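Take a look at the structure below.
Small disclaimer: the values here were computed from a predicted structure and weren't measured.
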Amino acid sequence: MSGLRVIDLTRVLGGPYCTQILADHGADVIKVEPPAGDEVRDWGPPFHDEDAAYFVGINRNKRSIGLDLASEGGRVVLLKMLETADVLIENFKPGTLEKWGIGSDVLRAKFPRLVHCRICGFGADGPRGGNPGYDAIIQAMTGMIAATGSPESGPMRIGVPLVDITTGLYAAIGILMALSERQRSGQGQFLETTLYETGLAIMHPHTANYFMHGKPPGLTGNEHPNLVPYAIFPTKTDNIFIGVGNDGTFRKLAKEIGKPELGTDPRFARNKDRIANREALRAELAAVFSQHEAEPLCNRLLAAGLPAGPVQKIDQALTNPHTIHRGDVIEKDWYKGVASPIRLERSKPSLRRVPPKFSQHSAEVLGEFGYAKAEIDALVAKGVVCGPDRKR
């Protein structure tokens with residue numbers, strides 16, 4: 001992505017997650033923040049120098065400028081920046097840019113090669129068009145919460161903001177598709193990624209099952225609706241997760257744990273049989289696993305090509321030998337984060353900049369767009385541009 005310039009007007013999670021992917025791989029991402037700053041700077045504790053870990057985790061490799069886009073002067077600065085930009089990404093409520101006189105039609109006329117990406121809750125049209133979107137609310141509305149949890153717990157929110165993060169991933173994919181198409185057509189285009197459509201799109205296999213048999217999923221806890229065994233089991237030490245995808249793998253698992261007869265038992269021989277006799281199989285496996293320690297057992301099963309893993313806490317996951325060997329934790333100065341999982345052979349990701357302080361790069365960025373120091377000082381004095389020392 002080196003040589004790609006991205007003007008990032010997004011806040012909170014989905015948009016910043018998207019632009020961090022691009023920034024990790026070389027894009028020049030200029031984070032344009034409102035005068036109050038990206039609100040997740042305040043989503044703590046914990047904090048580093050008044051910026052919450054929530055902000056720090058999704059804003060590395062970017063430069064920040066505080067800009068009041070509600071003012072005419074701020075929009076003039078933005079349009080100047082877009083003259084050399086490849087991508088504009090924003091997550092304003094649909095209609096906001098139009099209200100400011102810089103909607104997608106205006107931008108297309110002024111900057112025909114610009115890829116303009118919008119992330120929003122529900123899209124601009126339809127019964128919920130223009131409504132705000134929030135991860136947990138979309139989880140609730142797309143069937144995700146209703147399909148998560150056990151009969152004992154009841155419906156539960158998934159413990160990571162899966163909808164927001166996946167929307168950011170889809171936005172990054174869409175931007176790359178639009179840039180690829182631009183190489184052929186010479187034209188940019190507008191693309192929209194919504195939390196609502198993302199929530200529906202990632203409800204596999206529940207949507208496929210429903211289309212097939214018309215039944216909504218029940219609450220199965222850690223169990224899989226289509227596969228058995230696919231669940232947590234206790235051992236002498238910690239819990240482990242076993243996931244079996246086909247009958248051959250189950251027979252191999254049965255042999256590896258010293259119970260080959262389970263693989264030919266008519267109650268368990270085929271996946272549909274194991275689903276019908278789920279509890280009986282769980283009792284058989286639990287009795288075996290309770291005689292082993294988690295880590296050695298999982299190491300042996302994985303070495304045999306079987307899907308098994310210890311249920312680890314985040315500190316264990318971030319410090320285990322495989323994480324360290326793969327270089328999955330990256331550091332620079334005070335910053336520490338999880339590396340990009342996109343591992344290209346030649347075009348490697350890099351950590352060039354720690355997450356920026358609010359409007360830290362305003363003078364640097366505006367200077368690159370031809371503003372003289374006196375002009376920058378005047379914009380700061382008018383409140384159009386925020387100085388880095390301005391209190392939010």
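A search for side chain to side chain donor-acceptor pair (under 3.5 Å) contacts involving D265 returns R267, not counting sequence neighbours. Listed by chain and number, the residues in a side chain to side chain donor-acceptor pair (under 3.5 Å) with H25 are S340 (sequence neighbours excluded). For the side chain to side chain donor-acceptor pair (under 3.5 Å) test, no residue two or more places apart in sequence or in another chain qualifies with Y134. For D377, the side chain to side chain donor-acceptor pair (under 3.5 Å) partners at least two apart in sequence or on another chain are K373. With sequence neighbours left out, F241 forms a ring-ring contact (aromatic ring centres under 6.0 Å, His included) with Y230.
A heavy-atom distance below 4.5 Å is found between the side chains of M144 and M203. Taking the side chain as every heavy atom from C-beta outward, N91 and L9 never approach each other to under 4.5 Å. Taking the side chain as every heavy atom from C-beta outward, E39 and V12 approach each other to under 4.5 Å. Annotation: side chain of F92 is not in contact with side chain of T10 (no heavy-atom distance under 4.5 Å).
Remark: L176 CG to E181 CD distance equals 13.5 Å, nearest 0.5 Å. Considering NZ of K93 and CD of E98, their distance stands at 12.5 Å, rounded to 0.5 Å. For the atom pair CG of D86 and CE of M1, the computed distance is 9.5 Å after rounding to the nearest 0.5 Å.
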What pairs of donor and acceptor atoms, side-chain ones from residues 113-130 against any protein atom, are under 3.5 angstrom apart with sequence neighbours left out?
from	atom 1	to	atom 2	distance (Å)
H116	NE2	E90	OE2	2.8
R118	NE	E90	OE2	2.9
R118	NH2	E90	OE2	3.2

Side-chain donor-acceptor pairs under 3.5 Å in residues 210-223, sequence neighbours left out?
from	atom 1	to	atom 2	distance (Å)
H213	ND1	N209	O	3.2
H213	ND1	K215	N	3.0
T220	OG1	E223	O	3.0
E223	OE1	R278	NH1	2.9
E223	OE2	R282	NE	3.2
E223	OE2	R282	NH2	3.1

Under 3.5 Å, which donor-acceptor pairs do the side chains of residues 296-308 form with other protein atoms, sequence neighbours left out?
from	atom 1	to	atom 2	distance (Å)
N299	ND2	E295	O	3.3
R300	NH1	E256	O	2.9
R300	NH1	E256	OE2	3.3

Donor-acceptor contacts, no H, no angles, side chain residues 243-251, under 3.5 Å, sequence neighbours left out:
from	atom 1	to	atom 2	distance (Å)
N246	OD1	G248	N	3.1
N246	OD1	T249	N	2.7
N246	OD1	T249	OG1	2.9
N246	ND2	T249	OG1	3.4
D247	OD1	N271	N	2.9
D247	OD1	R274	NH1	3.2
D247	OD1	R274	NH2	3.0

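Applying the ring-ring contact (aromatic ring centres under 6.0 Å, His included) test to pairs two or more places apart or on separate chains, none has a residue in residues 159-186. Identified under the ring-ring contact (aromatic ring centres under 6.0 Å, His included) test for residues 272-309, with sequence neighbours left out: F233-F289. Applying the ring-ring contact (aromatic ring centres under 6.0 Å, His included) test to pairs two or more places apart or on separate chains, those with a residue in residues 32-79 are W43-Y54, H48-W334.
At a threshold of 4.0 Å, the pair K62-E33 does not count as salt-bridged, since none of the basic side-chain nitrogens sits closer than that to a carboxylate oxygen. Comment: R63 engages D28 in a salt bridge, judged by a side-chain N to carboxylate O separation of less than 4.0 angstrom.
Side-chain atoms of Q139 and D135 form a donor-acceptor pair, as typed in the model, at a separation below 3.5 Å. No hydrogens or angles considered: nothing links the side chains of S180 and Q183 as a donor-acceptor pair under 3.5 Å.
Criterion: ILVMFWY side-chain heavy atoms under 4.5 Å apart, direct or through other members. Under it, V32 and L79 are part of a common hydrophobic cluster.
Taking all atoms of both residues into account, the shortest heavy-atom contact from A136 to I145 is O-CD1, 3.8 Å.
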